[in-house]
Structures are given as C-alpha cells and as structure tokens.
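Numbering of ligands and ligand atoms starts at 1, following listing order. Computed from heavy atoms alone, side chains included, the values below leave out hydrogens, waters and symmetry copies.
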Amino acid sequence: MTSPPDGASVKTHCPYCALQCGMTVTARGGEVTIAPRTDIPANGHGGGALCQKGWTAGELLEPGARLTTPLLYGRRATWEKALDHVSRSLAGIRAAHGPDGVAVFGGGGLTNESAYHLGKLARVALGTSQIDYNGRFCMSSAAAAANKAFGLDRGLPFPLTDLAGADVVLLAGANIAETMPPLVRHLGVPRLIVVDPRLTPTAKLAALHLQPAPGTDLALALGLLHLLIAEGGVDAAYVAARTSGFDAVRTSVASWWPERVERITGVPVARMRSAVHMLKNTDNAYILTGRGAEQHAKGTDTVSAFVNLALALGLPGTPGSGYGCLTGQGNGQGGREHGQKADQLPGYRKIDDPAARAHVAAVWGVEPSALPGPGRSAQELLDALGTAEGPRALLLFGSNPVVSAPRSGTLADRLRRLDLLVVADVVLSETAALADVVLPAAQWAEQDGTMTNLEGRVLLRRRAFPPPGEVRTDLEIIQGIAAGLGHTWTASPPAVFDELRRASAGGIADYAGITYDRIAAETGVFWPCPAENHPGTPRPFLDRFATPDGRARFTPVEHRPPAEEPDDDYPVHLTTGRVLAQYQSGAQTRRVAALVEAAPEPFVELHPDLAAQLGIGAGDLVRVRSRRGSTEAVASITHTIRRDTVFMPFHWEGANRLTNPALDPASRMPEFKVCAVRLEKVA
Ligand SMILES: Nc1nc2c(c(=O)[nH]1)N[C@H]1C(S)=C(S)[C@@H](COP(=O)(O)OP(=O)(O)OC[C@H]3O[C@@H](n4cnc5c(=O)[nH]c(N)nc54)[C@H](O)[C@@H]3O)O[C@H]1N2
Ligand SMILES: Nc1nc2c(c(=O)[nH]1)N[C@H]1C(S)=C(S)[C@@H](COP(=O)(O)OP(=O)(O)OC[C@H]3O[C@@H](n4cnc5c(=O)[nH]c(N)nc54)[C@H](O)[C@@H]3O)O[C@H]1N2
Ligand code: SF4
Ligand SMILES: [Mo]
C-alpha cells in the first residue's frame with residue numbers, strides 16, 4: 001500500500017461509531033489535523049458535524065499509546081518469531097484437540113475486508129466452527145427480529161436523510177445525543193418520544209419521555225399496540241396489503257390493557273395514550289430501537305413488539321416513515337454480513353444452507369463438505385474457553401472482552417487457562433495484556449478498506465499515512481497466520497474486496513456491484529447492489545419485503561420479567577450504557593487526553609432518594625455488588641434516574657463484573673441492560 005505525500009488531505013471516515021462521519025485527515029510533518037467532510041450525509045443534515053470523539057481522533061494515531069512491535073510472553077519479538085510461535089502452537093493444538101480446539105473472535109470495528117478474511121481464516125485455514133464476534137453483544141437482537149419480520153436485517157432500511165421529513169420519532173432505548181450526536185441534526189424538528197429509564201440528554205429534547213423500569217419495554221410495546229387497536233389507529237389497508245399474521249398479534253395484545261402495563265413498567269397510562277396519539281396522527285413517523293430495548297434476555301421479542309407496533313401503524317416500507325435499529329459500531333453492519341458470525345457465511349448467507357455453502361466454497365476453492373457448520377455464539381464461546389470441551393486457543397481481533405463481556409470477572413481466568421491467546425490490537429488493551437502473543441495492528445487512517453454504516457451504505461476508509469514502527473494491517477496479520485497454516489493469501493484490500501464481492505454475489509447482502517471507485521465517486525453505495533450498473537438500494541422495502549411472499553410478518557410475543565429481579569439481598573436495578581466522551585471498553589478513548597478530562601473515571605448514577613436512604617453523598621466512593629462480583633465507583637446523584645435503578649457506564653473495567661450473562665434464546669444477546677445490585681458507601 002502506498003501513502004499520499006506529506007501535507008495531502010485524505011478523505012476518510014471516523015474510527016468510532018456506526019454513523020461513520022466523513023472526515024479529512026491531513027498529516028503535515030507528523031502533525032495530524034482532522035476536519036469534518038461536508039459531502040457525507042452522516043455528519044448531520046447539511047453536513048459538517050463531528051462529535052468530540054471524532055474531533056480528537058487524531059490523538060489515537062500518536063505513537064505514544066500504541067503497540068509498535070509484536071510481544072511474545074510480554075517481551076518484544078520480531079514478526080517472524082511471533083508468527084512462528086503462533087503457527088507451531090496452532091499445529092500442536094489442532095493435532096491434539098482437532099480443528100475446533102482453536103477459536104476466533106472478531107469485532108464490528110474491523111473493515112469488511114478484515115472481517116471477511118477472518119471468517120475465511122477460521123473456516124478454510126483453521127477449519128474451525130468456533131468463530132463469533134462482539135456484534136453478538138450489540139445489535140444481534142434487532143437483527144434476529146428484523147430477519148423474522150422483514151426477511152432482511154439492514155439496521156436502517158432507509159437513508160438517514162429521510163429522517164429530516166419525520167414528524168414523530170419514537171426512540172426506544174437510544175441516547176443519540178451522547179452516542180451519535182450528529183444524528184440529532186438529521187431529525188429536523190420532529191416530536192420525539194423517548195423511552196428510557198433515565199432522563200438522558202436525548203430525553204431532554206423529547207416532547208414525551210416514557211421512563212419505564214429497565215427490562216419492561218416489551219410490556220410497554222404490547223400496551224401501546226393494545227391502545228392503538230382500541231383507538232382505531234391501525235392502518236388496515238397497509239396491514240391487508242403488506243403484512244401477514246396480524247390477527248394472532250391482535251389477539252395476543254388483547255390482555256395488555258394500559259393499567260396492567262402501567263403496573264409493570266411504571267409508565268402512566270396518560271403518557272402511553274399521548275404516545276399513541278402522536279404516532280397515529282401523522283403520516284411521517286419512525287420507530288427506532290437502540291441497545292436500551294435490545295440488550296436483554298428477551299431483546300428479540302422486545303424488538304418484535306416494537307416492529308409489530310410499526311407494522312400496525314403502516315410504517316415499514318412506506319416512504320417518509322419506517323422502523324430501524326441504530327447499529328452501534330463503526331462497521332457493526334458490514335461486520336455482521338461477511339462471515340465472522342458463528343452461523344453465517346459472506347453475503348449474510350446461512351452456514352447451514354447447502355446452496356450458500358456451495359457458492360462460498362466455490363469462491364474459496366474448497367469442497368462444500370470441508371466447511372464447518374455453525375459454532376458457539378460469542379458469550380457461549382467465551383464461557384467455553386479453557387474448559388474440557390472448549391477451545392484451547394483463541395485468536396482475537398478488534399475486541400476487548402475482559403472489559404466488555406458480561407460477568408467479566410471470570411473471563412480473565414478462562415483466558416489464562418488457554419494454551420494460546422493471540423490478540424491483534426492497536427493498543428495494549430486489558431485483554432491484550434493477558435495474551436501470549438500480542439500483534440500490533442494498524443488502525444483506521446493507516447489502512448484502506450470498506451465500512452458499511454448504519455444505513456447500509458458502503459463507505460471507503462483511506463490510508464492517510466503508514467502505520468508506525470513494525471505495525472501491520474489486520475489483513476497482513478491474517479495473511480501471516482494463514483501462511484503458517486500453508487495458505488498463500490493476499491493482504492491487498494482491493495483484492496480482498498473483489499473476492500468478497502464474488503462471495504457475497506446473490507446473497508442477501510449482495511456487494512457484487514460495489515467497487516472502490518464507485519464508492520469514492522458516489523460517496524457510498526447502498527447494498528444490495530448486484531451489478532456495477534445497479535444503482536444500489538437505499539430503501540429495500542418500498543415494493544416488497546424480503547420474505548418469500550413479500551409481506552412483512554407480525555410475530556406474537558409475550559412479556560416476561562428480566563432474568564434477575566431485585567430482591568431483599570440485591571434490591572436495586574442496575575442498567576449500563578455509554579457516555580458522550582468514552583467509547584466502548586475505553587481501550588482507545590481512555591488514551592485521549594481531552595476525553596479523559598471530560599469523563600475521567602467510573603461512576604454510578606443514583607437518585608437523591610435512594611442516595612439518602614443509603615447514606616451516600618455526591619462524590620462518595622460506592623461499592624456496587626451483584627451475585628457475580630463487585631466494583632467501586634464514584635456516586636453521581638441526579639434526579640434524572642428512576643428511584644429503583646442505578647446506571648453505570650461500561651467504559652472502565654468493573655461494570656461488567658456485575659452484569660448478568662443470561663442470554664436471549666434467539667439472538668444469544670446477554671442481558672447487559674438489567675440485573676440486581678446493592679450499594680454501600682466505601683468507608
Ligand atoms: N459516546 C459513545 N458513543 C457510542 C458508543 C460508545 O461507547 N460511546 N458505542 C457505539 C455502539 S457500539 C453502540 S451499540 C451505540 C449504542 O447507543 P445507545 O443504544 O444509544 O447506547 P446505550 O447507552 O448503551 O443505551 C441507550 C440508553 O438505554 C437506556 N436503557 C437502559 N436500560 C433500558 C431499558 O430497559 N429500556 C430502555 N428503553 N432503555 C434502557 C440507558 O439509560 C441509555 O440511555 O453507541 C455507539 N456510539
Ligand atoms: N455492560 C455493558 N457491556 C457492554 C455493552 C453495554 O451497553 N453494557 N455494550 C456492548 C456493545 S453494544 C458492544 S459493541 C461491545 C463492544 O466492546 P468491545 O468489543 O470490547 O469493543 P471496543 O472497546 O471497541 O474494542 C475494540 C478493540 O479493538 C481495537 N481496535 C481498534 N481498531 C482496530 C483495528 O483496526 N484492528 C484491530 N485488530 N483492533 C482494533 C481497540 O483498540 C479495542 O481494543 O461491548 C458490549 N458490552
Ligand atoms: S458521531 Fe460517531 S462517527 Fe461521528 S464523529 Fe462521533 S464517533 Fe465519529
Ligand atoms: Mo455496540
């Protein structure tokens with residue numbers, strides 16, 4: 001890969017979230033300047049915005065915080081030595097335990113090319129079924145519900161710019177003012193309905209705030225649909241023409257009368273009625289879900305309940321309205337399409353579909369029978385590591401599960417029990433610090449590749465300058481590991497992308513017609529795009545849904561309580577999430593000075609009444625304990641949270657020692673958003 005000359009400005013995209021705001025990166029004599037692009041719609045209606053994380057992203061590129069050489073058992077090593085150790089260990093583990101003795105874990109921040117090659121590394125070079133990725137912790141419940149309802153999972157099945165025409169937007173469990181600030185600009189002046197147990201900065205913008213107890217959105221959505229039906233607000237013509245299964249859903253919500261829902265959720269009936277009135281009295285409404293509604297052991301059913309509401313209102317596939325999931329990670333959308341998921345092959349194909357296996361095997365030049373079947377989901381995979389039946393080795397790219405996985409207190413022990421842990425990362429994350437072999441990876445502005453943002457728009461990240469030290473790109477690292485296993489693969493992003501296009505051709509997420517040149521010329525191309533003369537598909541559901549009969553499916557679902565409810569020992573709900581200035585496990589943002597200044601330390605948000613009851617004052621150090629572990633955090637006392645609930649961000653190691661790994665049966669999503677805790681002031 002060549003780099004542009006010193007001082008040249010390169011058009012690329014932000015290293016962080018799924019909005020993938022456009023930015024120009026200019027390096028002059030080692031100084032990096034970042035500016036927002038105006039040609040990329042994501043940056044806000046009219047263009048030009050970045051959040052604080054985006055503005056300060058240049059600091060990530062400074063060598064100080066970076067890994068610059070491979071580490072072998074904590075010592076600097078050459079690539080040759082490190083890769084030689086990896087291939088010899090892998091050979092031994094495979095000989096002793098079979099191909100499933102080796103596991104691979106990927107990330108939704110990797111480029112499409114890297115995610116695709118990581119899947120191929122697992123299925124072809126290692127022959128293992130044991131691959132999954134952190135997207136399982138992210139939008140997997142929304143994906144499962146969208147696949148059921150629409151036959152296709154594209155976070156937003158419409159361009160962001162459509163939201164400018166919205167009159168009413170219901171945001172269920174999304175705090176976009178902190179997690180995707182430029183998205184707020186897309187909303188024009190709609191009337192917002194925000195569903196969140198906290199009065200977040202987003203809820204403060206809302207015309208109506210519904211403040212349910214964590215883990216009760218499903219009951220709330222059933223209650224809203226009950227009211228909509230009772231008030232004659234169902235779009236009967238749409239339901240007849242474009243959907244199937246409404247009768248069963250109508251019957252199933254009949255017993256969800258509003259007073260019952262108020263008892264479960266704590267949301268007053270009058271507020272539910274207001275929400276229904278706002279939604280039914282407009283032709284331009286959107287329902288959008290975020291992690292607050294989704295990260296539950298019933299997340300899939302909860303999203304199905306919101307989709308049912310959207311379908312009854314006639315929103316999906318109707319111009320000027322819709323349902324969407326706000327995908328989170330930079331390549332959270334593309335990362336779930338190209339084969340790093342346990343049950344998937346490239347193009348969003350199913351790994352147990354014989355036709356899908358035949359197509360992908362032909363592209364990979366292997367027999368379909370040589371491809372492994374589905375493996376364990378992320379949390380089940382992490383739980384199996386180091387056990388008698390589980391994998392003995394893990395290759396981990398682009399995730400920091402020691403901080404971000406639920407019940408994280410036991411994970412470090414399991415990782416230590418492995419025969420081999422290899423981590424490819426940009427920095428020495430908490431997880432990398434436990435690795436036998438650490439491989440220094442290039443990051444966003446140092447490598448070319450494509451990213452698919454939350455709209456399903458395939459974008460191009462460009463290399464602005466070469467990586468420091470001996471750092472290699474993920475594709476080069478995968479190439480090196482594959483070579484040790486006897487495979488000669490390219491590490492050239494366009495060449496890998498061309499292969500991905502062929503592997504995805506004819507699949508649900510069809511990239512066959514997308515090229516780097518086209519993306520650059522058109523500022524992104526929406527999938528599916530089956531041919532180079534195909535315009536791409538910004539709104540896939542306008543004429544029909546991707547189900548066999550073209551109709552969207554209503555799914556009857558029932559409310560149930562969270563896996564763990566407060567009791568005498570653990571009397572308070574804990575919910576977790578994000579703050580504006582930190583990103584995810586914090587591996588990157590805890591190394592950026594301005595962001596550390598803005599959000600320096602772990603805290604726990606609690607209501608003044610609860611604080612008074614527990615004798616806790618603002619700024620006190622508090623021990624928070626659950627059945628799985630305990631951690632300490634500074635008390636932040638605020639009226640914006642329910643009395644029965646506390647909130648902790650998960651950007652620091654600690655919050656996830658408390659969380660409950662109860663899994664959703666369909667998506668295998670852990671219940672990050674609700675568990676039971678008790679709090680005490682640290683003396
Ligand atoms: N600043 C920042 N931005 C980010 C990220 C980041 O780490 N930091 N990460 C990116 C990623 S990967 C993702 S997935 C997105 C996530 O984006 P969001 O979904 O907006 O983020 P969260 O803070 O996880 O959750 C949103 C809200 O859910 C609420 N909530 C908690 N429990 C419940 C519940 O039971 N029901 C409801 N309705 N709400 C509940 C929380 O109070 C919180 O305000 O953000 C992306 N953008
Ligand atoms: N309690 C609680 N836990 C949660 C959540 C929650 O709401 N509450 N949210 C969940 C969600 S939605 C998500 S998405 C996960 C995310 O959690 P993680 O998977 O831990 O995500 P990151 O912290 O983004 O980790 C990405 C890692 O990859 C590295 N990296 C960055 N760029 C590259 C690259 O190009 N190549 C390589 N090889 N490495 C790179 C970064 O330095 C970092 O160490 O956390 C989940 N955990
Ligand atoms: S909103 Fe997301 S993509 Fe945009 S600058 Fe902030 S972190 Fe980057
Ligand atoms: Mo996420």
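Heavy-atom distances between T659 and ligand 2 reach below 4.0 Å in at least one pair. Contact between G328 and ligand 2 is absent, with no heavy atom of the residue lying under 4.0 Å from the ligand. At least one heavy atom of K673 sits closer than 4.0 Å to an atom of ligand 2. For V674, the closest heavy-atom approach to ligand 1 does not fall below 4.0 Å.
Contact annotation: for A442 versus ligand 2, heavy atoms closer than 4.0 Å belong to the backbone alone. If you look at E178 next to ligand 1, the close heavy atoms, those under 4.0 Å, all belong to the backbone. Residue contacts with ligand 1 for T575 involve side-chain atoms from C-beta outward but no N, CA, C or O (heavy atoms, distance under 4.0 Å). The side chain of H651, and not its backbone, has at least one atom closer than 4.0 Å to an atom of ligand 1 (non-hydrogen atoms only; side chain from C-beta on). Under 4.0 Å from ligand 3, the heavy atoms of P182 that appear belong solely to its side chain. Under 4.0 angstrom from ligand 1, the non-hydrogen atoms of P214 come from both its backbone and its side chain. The proximity of S585 to ligand 2, defined as any non-hydrogen pair under 4.0 Å, involves the side chain as well as the backbone. Within the 4.0 Å heavy-atom criterion, both parts of T179, backbone and side chain, lie near ligand 1. Here Q20 has backbone heavy atoms under 4.0 Å from ligand 3, and that is the only part of it that gets that close. For L326, no heavy-atom contact with ligand 1 is shorter than 4.0 Å.
Under 2.8 Å from atom 4 (Fe) of ligand 3 lies an N/O/S atom of C21, whether from backbone or side chain. Under 2.8 Å from atom 2 (Fe) of ligand 3 lies no N/O/S atom of C14, from backbone or side chain alike.
Here atom 36 (N) of ligand 1 lies nearest to D217 when heavy atoms of L220, D217, L171, N175 are compared.
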